[in-house]
Amino acid sequence: MLDPKLLRTDLAAVADNLARRGFVLDQAAYQALEDQRKGLQVRVEQLQNQRNVKSKSIGKAKAAGEDIQPLLAEVESLGDELKAADTQLDALQRQIRDLQLDMPNLLHETVPDGTGEDDNPEIRRWGEPPAFDFEPADHTDLGAGLGLLDFEAAAKVAGARFAVLRGPLARLHRALVQYMLDVHVREHGYTEIYAPYIVNAAALTGTGQLPKFADDLFALGGEHEFYLIPTAEVPVTNLVRDGILDAEQLPLKMTAHTPCFRSEAGSHGQDTRGMIRQHQFEKVELVHIVRPAESWDALEELTANAEVVLQRLELPYRVVSLCAGDIGFGAAKTYDIEIWLPGQQRYREISSCSNCVDFQARRMGARWRNPDTGKPELVHTLNGSGVAAGRALIAVMENYQQADGSIRVPAVLQPYMDGLQVVTA
RNA sequence: GGAGAGGUGGCUGAGUGGUCGAAAGCGCUCCCCUGCUAAGGGAGUAAGGGUUAAAAGCCCUUCGAGGGUUCGAAUCCCUCCCUCUCCGCCA
(Lines give C-alpha, C1' and ligand atoms only; values in the text may rest on other atoms or scores of the structure.)
Protein backbone atom coordinates (compact mmCIF):
# COMPACT_ATOMS: atom_id res chain seq x y z
CA MET A 1 0.00 0.00 0.00
CA LEU A 2 1.16 3.50 -0.72
CA ASP A 3 1.46 6.17 1.92
CA PRO A 4 -2.05 7.66 2.30
CA LYS A 5 -0.47 10.97 3.17
CA LEU A 6 1.37 11.02 -0.13
CA LEU A 7 -1.86 10.25 -1.94
CA ARG A 8 -3.42 13.22 -0.21
CA THR A 9 -0.63 15.70 -0.77
CA ASP A 10 0.80 14.70 -4.14
CA LEU A 11 -1.68 12.59 -6.01
CA ALA A 12 -0.47 13.80 -9.40
CA ALA A 13 3.09 12.66 -8.77
CA VAL A 14 1.85 9.23 -7.68
CA ALA A 15 -0.29 8.97 -10.80
CA ASP A 16 2.69 9.90 -12.98
CA ASN A 17 4.87 7.25 -11.37
CA LEU A 18 2.25 4.54 -11.66
CA ALA A 19 1.56 5.52 -15.26
CA ARG A 20 5.03 4.25 -16.12
CA ARG A 21 3.72 0.78 -15.28
CA GLY A 22 0.69 1.34 -17.40
CA PHE A 23 -1.49 1.71 -14.31
CA VAL A 24 -4.19 4.30 -14.70
CA LEU A 25 -5.00 6.11 -11.48
CA ASP A 26 -8.31 7.94 -11.68
CA GLN A 27 -7.23 11.06 -9.86
CA ALA A 28 -10.57 12.85 -10.07
CA ALA A 29 -12.47 9.90 -8.62
CA TYR A 30 -9.98 9.38 -5.83
CA GLN A 31 -9.85 13.08 -5.01
CA ALA A 32 -13.63 13.26 -4.87
CA LEU A 33 -13.80 10.41 -2.36
CA GLU A 34 -11.00 11.95 -0.36
CA ASP A 35 -12.73 15.33 -0.23
CA GLN A 36 -15.94 13.71 0.97
CA ARG A 37 -14.04 11.72 3.56
CA LYS A 38 -12.36 14.77 4.95
CA GLY A 39 -15.56 16.69 5.64
CA LEU A 40 -17.38 13.69 6.97
CA GLN A 41 -14.60 12.54 9.23
CA VAL A 42 -14.28 15.96 10.82
CA ARG A 43 -18.04 15.99 11.38
CA VAL A 44 -18.08 12.53 12.93
CA GLU A 45 -15.24 13.32 15.24
CA GLN A 46 -16.92 16.53 16.36
CA LEU A 47 -20.06 14.60 17.22
CA GLN A 48 -18.07 11.99 19.08
CA ASN A 49 -16.36 14.73 21.02
CA GLN A 50 -19.70 16.26 22.01
CA ARG A 51 -20.97 12.90 23.14
CA ASN A 52 -17.86 12.23 25.18
CA VAL A 53 -17.91 15.61 26.86
CA LYS A 54 -21.58 15.35 27.76
CA SER A 55 -21.34 11.78 28.95
CA LYS A 56 -18.51 12.77 31.20
CA SER A 57 -20.52 15.62 32.66
CA ILE A 58 -23.35 13.19 33.34
CA GLY A 59 -20.98 11.01 35.26
CA LYS A 60 -19.80 13.95 37.30
CA ALA A 61 -23.29 15.22 37.99
CA LYS A 62 -24.39 11.80 39.08
CA ALA A 63 -21.44 11.47 41.42
CA ALA A 64 -22.30 14.85 42.89
CA GLY A 65 -25.88 13.72 43.45
CA GLU A 66 -27.38 16.19 40.99
CA ASP A 67 -30.37 15.65 38.74
CA ILE A 68 -29.12 14.24 35.41
CA GLN A 69 -32.42 14.28 33.51
CA PRO A 70 -31.81 17.60 31.70
CA LEU A 71 -28.36 16.41 30.64
CA LEU A 72 -29.75 13.16 29.30
CA ALA A 73 -32.23 15.06 27.17
CA GLU A 74 -29.41 17.11 25.72
CA VAL A 75 -27.40 14.16 24.55
CA GLU A 76 -30.34 12.18 23.27
CA SER A 77 -30.45 13.70 19.80
CA LEU A 78 -26.77 13.15 19.18
CA GLY A 79 -26.99 9.42 18.82
CA ASP A 80 -28.92 9.15 15.59
CA GLU A 81 -26.95 11.79 13.77
CA LEU A 82 -23.68 10.20 14.86
CA LYS A 83 -24.74 6.78 13.78
CA ALA A 84 -25.83 7.94 10.33
CA ALA A 85 -22.67 9.95 9.73
CA ASP A 86 -20.49 7.16 11.04
CA THR A 87 -22.04 4.56 8.75
CA GLN A 88 -21.50 6.87 5.79
CA LEU A 89 -17.89 7.53 6.78
CA ASP A 90 -17.26 3.85 7.19
CA ALA A 91 -18.46 3.11 3.67
CA LEU A 92 -16.34 5.93 2.26
CA GLN A 93 -13.21 4.79 4.03
CA ARG A 94 -13.77 1.30 2.79
CA GLN A 95 -14.00 2.56 -0.78
CA ILE A 96 -10.81 4.55 -0.39
CA ARG A 97 -9.02 1.63 1.15
CA ASP A 98 -10.13 -0.68 -1.65
CA LEU A 99 -8.66 1.74 -4.17
CA GLN A 100 -5.44 1.92 -2.17
CA LEU A 101 -5.16 -1.86 -1.95
CA ASP A 102 -5.43 -2.00 -5.74
CA MET A 103 -2.61 0.46 -6.39
CA PRO A 104 0.80 -1.03 -7.20
CA ASN A 105 4.01 0.15 -5.60
CA LEU A 106 5.85 3.25 -6.73
CA LEU A 107 8.76 2.49 -9.02
CA HIS A 108 12.26 3.29 -7.93
CA GLU A 109 13.89 5.90 -10.13
CA THR A 110 16.36 3.35 -11.51
CA VAL A 111 13.64 1.12 -12.93
CA PRO A 112 13.97 1.26 -16.72
CA ASP A 113 11.11 2.22 -19.01
CA GLY A 114 9.49 -0.47 -21.09
CA THR A 115 6.28 -2.33 -21.69
CA GLY A 116 7.25 -5.98 -21.41
CA GLU A 117 9.80 -8.73 -21.03
CA ASP A 118 11.72 -7.70 -24.14
CA ASP A 119 12.51 -4.31 -22.66
CA ASN A 120 14.33 -5.60 -19.57
CA PRO A 121 17.95 -4.47 -19.83
CA GLU A 122 20.68 -6.98 -19.05
CA ILE A 123 22.77 -5.97 -16.05
CA ARG A 124 25.40 -8.68 -16.15
CA ARG A 125 26.09 -12.13 -17.47
CA TRP A 126 27.93 -15.05 -15.86
CA GLY A 127 29.28 -18.17 -17.51
CA GLU A 128 29.20 -19.35 -21.09
CA PRO A 129 26.43 -21.43 -22.64
CA PRO A 130 27.88 -24.92 -23.05
CA ALA A 131 28.96 -26.07 -26.50
CA PHE A 132 27.60 -29.47 -27.49
CA ASP A 133 28.92 -31.67 -30.27
CA PHE A 134 25.40 -33.01 -30.65
CA GLU A 135 21.94 -31.47 -30.81
CA PRO A 136 20.98 -30.77 -27.18
CA ALA A 137 17.58 -32.05 -26.12
CA ASP A 138 15.16 -30.24 -23.87
CA HIS A 139 14.43 -31.53 -20.37
CA THR A 140 11.11 -33.05 -21.42
CA ASP A 141 12.74 -35.36 -23.95
CA LEU A 142 15.69 -36.01 -21.68
CA GLY A 143 13.42 -36.97 -18.80
CA ALA A 144 11.25 -39.15 -20.97
CA GLY A 145 14.32 -40.82 -22.47
CA LEU A 146 15.57 -41.69 -19.01
CA GLY A 147 12.10 -42.81 -17.98
CA LEU A 148 12.39 -40.59 -14.90
CA LEU A 149 10.10 -37.67 -15.75
CA ASP A 150 6.46 -38.54 -16.32
CA PHE A 151 3.71 -36.07 -17.16
CA GLU A 152 1.13 -38.67 -18.09
CA ALA A 153 1.32 -40.27 -14.69
CA ALA A 154 0.90 -36.83 -13.10
CA ALA A 155 -2.13 -36.14 -15.28
CA LYS A 156 -3.68 -39.37 -14.06
CA VAL A 157 -3.45 -38.45 -10.40
CA ALA A 158 -3.87 -34.70 -10.71
CA GLY A 159 -4.10 -33.10 -14.14
CA ALA A 160 -2.19 -30.86 -16.49
CA ARG A 161 0.75 -28.81 -15.23
CA PHE A 162 1.95 -31.42 -12.77
CA ALA A 163 4.96 -33.71 -12.96
CA VAL A 164 6.12 -36.99 -11.48
CA LEU A 165 9.84 -37.47 -10.91
CA ARG A 166 11.31 -40.89 -10.26
CA GLY A 167 14.45 -42.41 -8.80
CA PRO A 168 17.69 -40.49 -9.20
CA LEU A 169 15.95 -37.56 -10.87
CA ALA A 170 13.65 -37.12 -7.87
CA ARG A 171 16.70 -37.35 -5.69
CA LEU A 172 18.58 -34.80 -7.77
CA HIS A 173 15.66 -32.45 -7.27
CA ARG A 174 15.85 -32.98 -3.51
CA ALA A 175 19.62 -32.58 -3.58
CA LEU A 176 19.23 -29.17 -5.20
CA VAL A 177 16.96 -28.04 -2.37
CA GLN A 178 19.30 -29.29 0.37
CA TYR A 179 22.31 -27.76 -1.32
CA MET A 180 20.67 -24.36 -1.72
CA LEU A 181 19.47 -24.25 1.87
CA ASP A 182 22.92 -25.21 3.12
CA VAL A 183 24.62 -22.46 1.13
CA HIS A 184 22.29 -19.79 2.48
CA VAL A 185 22.33 -21.00 6.06
CA ARG A 186 26.04 -21.84 6.34
CA GLU A 187 27.56 -19.12 4.21
CA HIS A 188 25.07 -16.29 3.83
CA GLY A 189 23.83 -16.01 7.38
CA TYR A 190 20.17 -16.88 6.85
CA THR A 191 17.93 -18.40 9.49
CA GLU A 192 16.11 -21.43 8.19
CA ILE A 193 12.35 -21.26 8.56
CA TYR A 194 9.69 -23.93 8.38
CA ALA A 195 6.31 -22.29 7.92
CA PRO A 196 2.71 -23.13 6.96
CA TYR A 197 1.93 -23.96 3.34
CA ILE A 198 -1.62 -22.82 3.94
CA VAL A 199 -2.30 -19.21 4.83
CA ASN A 200 -5.22 -16.92 5.55
CA ALA A 201 -6.47 -13.93 3.58
CA ALA A 202 -4.86 -11.43 5.92
CA ALA A 203 -1.38 -12.79 5.21
CA LEU A 204 -1.99 -12.71 1.45
CA THR A 205 -3.26 -9.16 1.73
CA GLY A 206 -0.14 -8.26 3.65
CA THR A 207 2.23 -9.32 0.91
CA GLY A 208 -0.05 -8.05 -1.86
CA GLN A 209 -1.47 -11.16 -3.53
CA LEU A 210 -4.93 -10.21 -2.32
CA PRO A 211 -7.32 -8.70 -3.05
CA LYS A 212 -6.20 -8.09 -6.62
CA PHE A 213 -4.75 -11.45 -7.64
CA ALA A 214 -7.15 -13.92 -6.11
CA ASP A 215 -7.40 -15.73 -9.46
CA ASP A 216 -3.76 -16.75 -9.31
CA LEU A 217 -4.27 -18.61 -6.03
CA PHE A 218 -5.63 -21.97 -5.07
CA ALA A 219 -8.33 -21.33 -2.50
CA LEU A 220 -9.32 -24.16 -0.20
CA GLY A 221 -12.98 -24.86 0.29
CA GLY A 222 -14.42 -25.55 3.68
CA GLU A 223 -15.24 -23.38 6.63
CA HIS A 224 -11.94 -21.53 6.81
CA GLU A 225 -10.86 -18.98 4.24
CA PHE A 226 -7.56 -20.69 3.49
CA TYR A 227 -5.26 -20.59 0.49
CA LEU A 228 -2.27 -22.62 -0.64
CA ILE A 229 0.83 -20.45 -0.64
CA PRO A 230 2.00 -19.25 -4.08
CA THR A 231 5.45 -18.63 -2.58
CA ALA A 232 7.16 -18.85 0.81
CA GLU A 233 7.37 -15.08 0.66
CA VAL A 234 3.84 -15.02 2.08
CA PRO A 235 4.24 -16.98 5.33
CA VAL A 236 7.83 -15.87 5.93
CA THR A 237 7.39 -12.13 5.34
CA ASN A 238 4.20 -12.12 7.38
CA LEU A 239 6.12 -13.39 10.40
CA VAL A 240 6.75 -9.73 11.24
CA ARG A 241 3.21 -8.49 10.72
CA ASP A 242 1.53 -6.41 13.44
CA GLY A 243 4.65 -5.97 15.48
CA ILE A 244 7.42 -3.60 16.42
CA LEU A 245 10.94 -4.97 16.06
CA ASP A 246 13.91 -3.77 18.06
CA ALA A 247 16.60 -2.08 16.01
CA GLU A 248 19.12 -4.74 17.04
CA GLN A 249 16.97 -7.47 15.52
CA LEU A 250 17.50 -6.03 12.04
CA PRO A 251 18.36 -7.10 9.48
CA LEU A 252 16.36 -10.32 9.63
CA LYS A 253 17.49 -12.74 6.95
CA MET A 254 15.30 -15.81 6.56
CA THR A 255 15.25 -18.68 4.12
CA ALA A 256 12.65 -21.35 3.64
CA HIS A 257 12.07 -24.28 1.35
CA THR A 258 8.42 -24.77 0.49
CA PRO A 259 6.26 -26.03 -2.30
CA CYS A 260 4.50 -23.25 -4.19
CA PHE A 261 1.04 -23.52 -5.68
CA ARG A 262 -0.18 -21.38 -8.53
CA SER A 263 -3.37 -21.59 -10.55
CA GLU A 264 -1.67 -20.10 -13.64
CA ALA A 265 -5.12 -18.84 -14.55
CA GLY A 266 -3.82 -16.21 -16.92
CA SER A 267 -1.22 -18.30 -18.68
CA HIS A 268 -3.22 -20.84 -20.69
CA GLY A 269 -1.18 -22.00 -23.62
CA GLN A 270 2.11 -20.67 -22.24
CA ASP A 271 4.88 -23.12 -21.47
CA THR A 272 2.55 -26.08 -21.70
CA ARG A 273 5.43 -28.38 -22.55
CA GLY A 274 7.62 -29.68 -19.74
CA MET A 275 7.90 -28.52 -16.17
CA ILE A 276 8.70 -24.86 -16.72
CA ARG A 277 5.29 -23.72 -15.53
CA GLN A 278 3.57 -26.00 -13.04
CA HIS A 279 0.72 -25.74 -10.57
CA GLN A 280 3.09 -27.07 -7.92
CA PHE A 281 6.83 -26.49 -7.65
CA GLU A 282 9.51 -26.33 -4.99
CA LYS A 283 11.43 -23.20 -4.19
CA VAL A 284 14.00 -21.97 -1.71
CA GLU A 285 13.03 -18.43 -0.81
CA LEU A 286 15.10 -15.61 0.67
CA VAL A 287 13.47 -12.86 2.72
CA HIS A 288 15.09 -9.79 4.26
CA ILE A 289 13.45 -7.50 6.80
CA VAL A 290 15.64 -4.41 7.05
CA ARG A 291 15.99 -0.82 8.17
CA PRO A 292 14.77 1.47 5.39
CA ALA A 293 18.19 3.05 4.88
CA GLU A 294 19.67 -0.37 4.13
CA SER A 295 17.17 -1.87 1.73
CA TRP A 296 18.92 -0.96 -1.51
CA ASP A 297 22.14 -2.55 -0.37
CA ALA A 298 20.09 -5.52 0.80
CA LEU A 299 18.64 -5.97 -2.69
CA GLU A 300 22.13 -6.28 -4.14
CA GLU A 301 23.14 -8.69 -1.37
CA LEU A 302 20.06 -10.87 -1.76
CA THR A 303 20.51 -11.05 -5.52
CA ALA A 304 24.18 -11.93 -5.12
CA ASN A 305 23.23 -14.68 -2.64
CA ALA A 306 20.98 -16.25 -5.23
CA GLU A 307 23.65 -15.94 -7.91
CA VAL A 308 26.16 -17.85 -5.81
CA VAL A 309 23.90 -20.89 -5.97
CA LEU A 310 24.06 -20.87 -9.76
CA GLN A 311 27.77 -20.12 -9.92
CA ARG A 312 28.59 -23.15 -7.79
CA LEU A 313 26.36 -25.24 -10.01
CA GLU A 314 28.27 -23.78 -12.94
CA LEU A 315 25.07 -22.83 -14.69
CA PRO A 316 25.32 -19.85 -17.05
CA TYR A 317 22.93 -17.04 -16.25
CA ARG A 318 22.29 -13.36 -16.69
CA VAL A 319 20.71 -10.73 -14.51
CA VAL A 320 18.14 -8.34 -15.92
CA SER A 321 16.43 -5.36 -14.35
CA LEU A 322 12.68 -5.60 -14.80
CA CYS A 323 11.29 -2.66 -16.71
CA ALA A 324 8.30 -0.58 -15.65
CA GLY A 325 5.89 -2.64 -17.71
CA ASP A 326 7.09 -6.03 -16.49
CA ILE A 327 7.75 -5.49 -12.78
CA GLY A 328 5.46 -7.00 -10.17
CA PHE A 329 2.71 -5.31 -8.21
CA GLY A 330 4.48 -4.87 -4.88
CA ALA A 331 8.02 -4.26 -6.03
CA ALA A 332 9.80 -0.93 -6.21
CA LYS A 333 12.60 -2.61 -8.12
CA THR A 334 13.26 -6.17 -9.26
CA TYR A 335 16.20 -8.09 -10.63
CA ASP A 336 15.40 -11.30 -12.43
CA ILE A 337 18.04 -13.97 -12.73
CA GLU A 338 17.66 -15.92 -15.94
CA ILE A 339 19.27 -19.28 -16.50
CA TRP A 340 20.51 -20.56 -19.84
CA LEU A 341 18.40 -23.43 -21.16
CA PRO A 342 20.09 -25.23 -24.09
CA GLY A 343 16.81 -26.96 -24.93
CA GLN A 344 15.16 -23.61 -25.59
CA GLN A 345 18.33 -21.81 -26.65
CA ARG A 346 17.46 -18.90 -24.41
CA TYR A 347 17.58 -17.53 -20.89
CA ARG A 348 14.57 -18.22 -18.63
CA GLU A 349 13.67 -16.76 -15.24
CA ILE A 350 14.86 -18.82 -12.29
CA SER A 351 14.82 -16.14 -9.60
CA SER A 352 13.12 -12.84 -9.02
CA CYS A 353 14.60 -10.54 -6.37
CA SER A 354 12.61 -7.52 -5.25
CA ASN A 355 12.80 -4.63 -2.88
CA CYS A 356 9.26 -3.85 -1.81
CA VAL A 357 10.39 -0.97 0.41
CA ASP A 358 7.55 -0.10 2.80
CA PHE A 359 4.74 -1.32 0.52
CA GLN A 360 4.20 -4.68 2.21
CA ALA A 361 5.21 -3.37 5.62
CA ARG A 362 2.39 -0.83 5.54
CA ARG A 363 -0.13 -3.52 4.62
CA MET A 364 1.19 -5.82 7.33
CA GLY A 365 1.76 -3.26 10.07
CA ALA A 366 5.41 -4.33 10.28
CA ARG A 367 7.52 -1.76 12.08
CA TRP A 368 10.75 -1.27 13.96
CA ARG A 369 11.66 1.21 16.64
CA ASN A 370 14.08 3.73 15.20
CA PRO A 371 16.52 4.61 17.98
CA ASP A 372 17.12 8.02 16.42
CA THR A 373 13.50 9.06 16.80
CA GLY A 374 12.34 6.59 19.45
CA LYS A 375 9.28 6.05 17.25
CA PRO A 376 8.01 2.98 15.42
CA GLU A 377 8.59 3.24 11.69
CA LEU A 378 7.83 0.89 8.82
CA VAL A 379 10.49 -1.65 7.93
CA HIS A 380 11.46 -2.47 4.37
CA THR A 381 10.88 -5.97 3.04
CA LEU A 382 12.70 -7.84 0.29
CA ASN A 383 12.28 -11.25 -1.18
CA GLY A 384 13.81 -13.37 -3.86
CA SER A 385 14.12 -16.93 -4.98
CA GLY A 386 17.32 -18.56 -4.02
CA VAL A 387 16.34 -20.33 -6.32
CA ALA A 388 13.36 -22.14 -7.85
CA ALA A 389 14.15 -25.85 -7.54
CA GLY A 390 12.01 -27.10 -10.41
CA ARG A 391 13.62 -24.77 -12.88
CA ALA A 392 17.06 -25.42 -11.42
CA LEU A 393 16.49 -29.11 -12.10
CA ILE A 394 15.58 -28.34 -15.69
CA ALA A 395 18.70 -26.21 -16.03
CA VAL A 396 20.93 -28.96 -14.66
CA MET A 397 19.33 -31.55 -16.94
CA GLU A 398 19.75 -29.49 -20.06
CA ASN A 399 23.18 -28.03 -19.35
CA TYR A 400 24.69 -31.26 -18.02
CA GLN A 401 23.25 -33.61 -20.64
CA GLN A 402 25.45 -36.00 -22.56
CA ALA A 403 25.13 -37.44 -26.04
CA ASP A 404 23.71 -40.72 -24.72
CA GLY A 405 20.89 -38.91 -22.92
CA SER A 406 22.43 -39.29 -19.46
CA ILE A 407 22.95 -36.35 -17.14
CA ARG A 408 26.13 -35.56 -15.26
CA VAL A 409 25.64 -34.60 -11.62
CA PRO A 410 27.15 -31.19 -10.78
CA ALA A 411 30.12 -31.54 -8.41
CA VAL A 412 28.45 -29.60 -5.57
CA LEU A 413 25.46 -31.95 -5.65
CA GLN A 414 27.38 -35.21 -5.61
CA PRO A 415 27.73 -35.24 -1.79
CA TYR A 416 23.93 -35.10 -1.64
CA MET A 417 23.68 -38.05 -4.07
CA ASP A 418 25.93 -40.54 -2.30
CA GLY A 419 28.64 -39.60 -4.77
CA LEU A 420 26.59 -40.44 -7.84
CA GLN A 421 28.23 -38.80 -10.86
CA VAL A 422 25.80 -39.53 -13.66
CA VAL A 423 22.04 -39.95 -13.75
CA THR A 424 21.14 -42.73 -16.12
CA ALA A 425 18.03 -44.68 -16.94
C1' G B 1 -14.81 -34.01 19.07
C1' G B 2 -15.96 -33.12 24.87
C1' A B 3 -14.84 -30.02 29.48
C1' G B 4 -12.51 -25.79 31.53
C1' A B 5 -9.27 -21.22 31.73
C1' G B 6 -7.70 -17.07 29.25
C1' G B 7 -6.57 -13.01 25.30
C1' U B 8 -5.05 -5.65 28.35
C1' G B 9 0.73 -0.98 26.27
C1' G B 10 7.85 -3.07 23.83
C1' C B 11 7.32 -7.24 27.83
C1' U B 12 5.00 -9.15 32.64
C1' G B 13 0.52 -8.05 34.86
C1' A B 14 -3.75 -5.26 37.86
C1' G B 15 -8.31 -3.44 36.69
C1' U B 16 -16.04 -5.99 36.76
C1' G B 17 -20.40 0.49 34.12
C1' G B 18 -18.28 7.09 34.64
C1' U B 19 -12.00 11.99 35.70
C1' C B 20 -9.32 4.45 32.89
C1' G B 21 -5.52 5.23 27.63
C1' A B 22 -5.56 2.14 31.71
C1' A B 23 -2.14 0.60 38.56
C1' A B 24 2.44 -1.78 39.47
C1' G B 25 6.86 -4.01 37.82
C1' C B 26 10.47 -4.84 33.84
C1' G B 27 12.69 -2.54 29.71
C1' C B 28 14.05 2.07 27.44
C1' U B 29 15.41 7.68 27.51
C1' C B 30 17.08 11.91 30.25
C1' C B 31 18.79 14.00 34.86
C1' C B 32 20.92 13.74 39.97
C1' C B 33 24.09 11.25 43.40
C1' U B 34 28.16 8.07 44.07
C1' G B 35 35.88 9.51 42.52
C1' C B 36 35.97 3.30 38.29
C1' U B 37 32.22 -0.94 38.34
C1' A B 38 27.85 -2.12 41.16
C1' A B 39 24.03 0.11 43.83
C1' G B 40 20.69 4.43 44.83
C1' G B 41 17.24 8.82 43.82
C1' G B 42 14.07 11.78 40.33
C1' A B 43 11.42 12.65 35.70
C1' G B 44 9.60 10.83 31.18
C1' U B 45 7.91 6.68 28.03
C1' A B 46 1.35 2.97 23.97
C1' A B 47 -0.20 2.85 18.98
C1' G B 48 -3.11 4.43 14.84
C1' G B 49 -5.78 8.46 12.70
C1' G B 50 -7.92 13.57 11.74
C1' U B 51 -7.03 18.85 11.50
C1' U B 52 -2.13 21.69 9.48
C1' A B 53 2.19 23.28 4.00
C1' A B 54 4.56 21.31 8.39
C1' A B 55 5.02 21.53 13.61
C1' A B 56 2.78 22.76 18.23
C1' G B 57 -1.90 22.44 20.03
C1' C B 58 -6.65 20.38 19.83
C1' C B 59 -9.69 16.24 18.64
C1' C B 60 -11.02 11.00 17.40
C1' U B 61 -10.17 5.69 17.69
C1' U B 62 -7.99 1.38 19.94
C1' C B 63 -7.83 -3.22 26.17
C1' G B 64 -8.21 -10.49 20.37
C1' A B 65 -12.19 -9.37 16.04
C1' G B 66 -17.20 -8.06 14.86
C1' G B 67 -22.12 -6.86 16.54
C1' G B 68 -25.45 -5.27 20.73
C1' U B 69 -27.19 -2.80 25.52
C1' U B 70 -26.25 2.28 27.66
C1' C B 71 -26.03 9.26 28.01
C1' G B 72 -21.35 6.51 28.93
C1' A B 73 -18.16 -0.20 27.99
C1' A B 74 -11.48 -2.94 29.14
C1' U B 75 -15.69 -3.90 32.46
C1' C B 76 -22.57 -6.30 30.81
C1' C B 77 -24.87 -9.49 26.45
C1' C B 78 -24.26 -12.23 21.54
C1' U B 79 -21.20 -14.31 17.50
C1' C B 80 -16.45 -15.49 15.79
C1' C B 81 -10.98 -16.12 16.02
C1' C B 82 -6.74 -17.47 18.75
C1' U B 83 -3.84 -19.47 23.06
C1' C B 84 -3.39 -22.76 27.28
C1' U B 85 -4.94 -27.22 30.48
C1' C B 86 -7.48 -32.01 30.86
C1' C B 87 -10.10 -36.12 28.22
C1' G B 88 -10.83 -38.63 23.43
C1' C B 89 -8.72 -39.47 18.57
C1' C B 90 -4.44 -39.27 15.65
C1' A B 91 1.08 -38.72 12.18
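Residue numbers begin at 1 in each chain, while the letters A, B, ... track the order of the sequences. All values reported here derive from a predicted model rather than from experimental measurement.
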| query | Taking only side-chain nitrogens and oxygens of A/Arg51, does any of them come within less than 4.0 Å of OP1 or OP2 of B/rU70? | reply |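 No, because none of the side-chain N or O atoms of A/Arg51 sits under 4.0 Å from OP1 or OP2 of B/rU70.
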
| query | So, is A/Arg8 close to the B/rG50 phosphate, meaning a side-chain N or O under 4.0 Å from OP1 or OP2? | reply | yes

In plain terms, say whether [X] and [Y] are close enough for a salt bridge, that is, a side-chain N and a carboxylate O under 4.0 Å apart.
X	Y	result
A/Arg273	A/Asp141	yes
A/Glu264	A/Arg161	no
A/Glu233	A/Lys283	no

| said: Can you identify which nucleotide, out of B/rG18, B/rA47, B/rC59, has its nearest atom closest to the A/Asn49 side chain? | reply: B/rC59

| For atom CG of A/Asp3 and atom C1' of B/rG49, their distance in whole Å |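 Checked: the CG to C1' distance equals 13 Å.
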
| task | Could you pick out which residue, A/Lys54 or A/Arg369, lies toward the 5' side of RNA chain B when each is mapped onto its nearest nucleotide? | result |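 Nearest nucleotide further toward 5': that of A/Arg369.
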
| remark: When A/Asp246 and A/Val53 are each assigned the nearest nucleotide of RNA chain B, the 5'-most assignment goes to A/Asp246

| field | Rounded C1' spacing from B/rG42 to B/rG35 in Å | value |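 Approximately 22 Å lies between the C1' atom of B/rG42 and that of B/rG35.
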
| Once the angle between the rings of A/His279 and A/Phe162 is folded into 0 to 90°, is it parallel (under 30°), tilted (30 to 60°) or perpendicular (over 60°)? | tilted

| query | Is there a donor and acceptor pair, one atom on the side chain of A/Lys56 and one on the base of B/rG18, closer than 3.5 Å? | reply |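 Checked by distance alone, the answer is no.
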
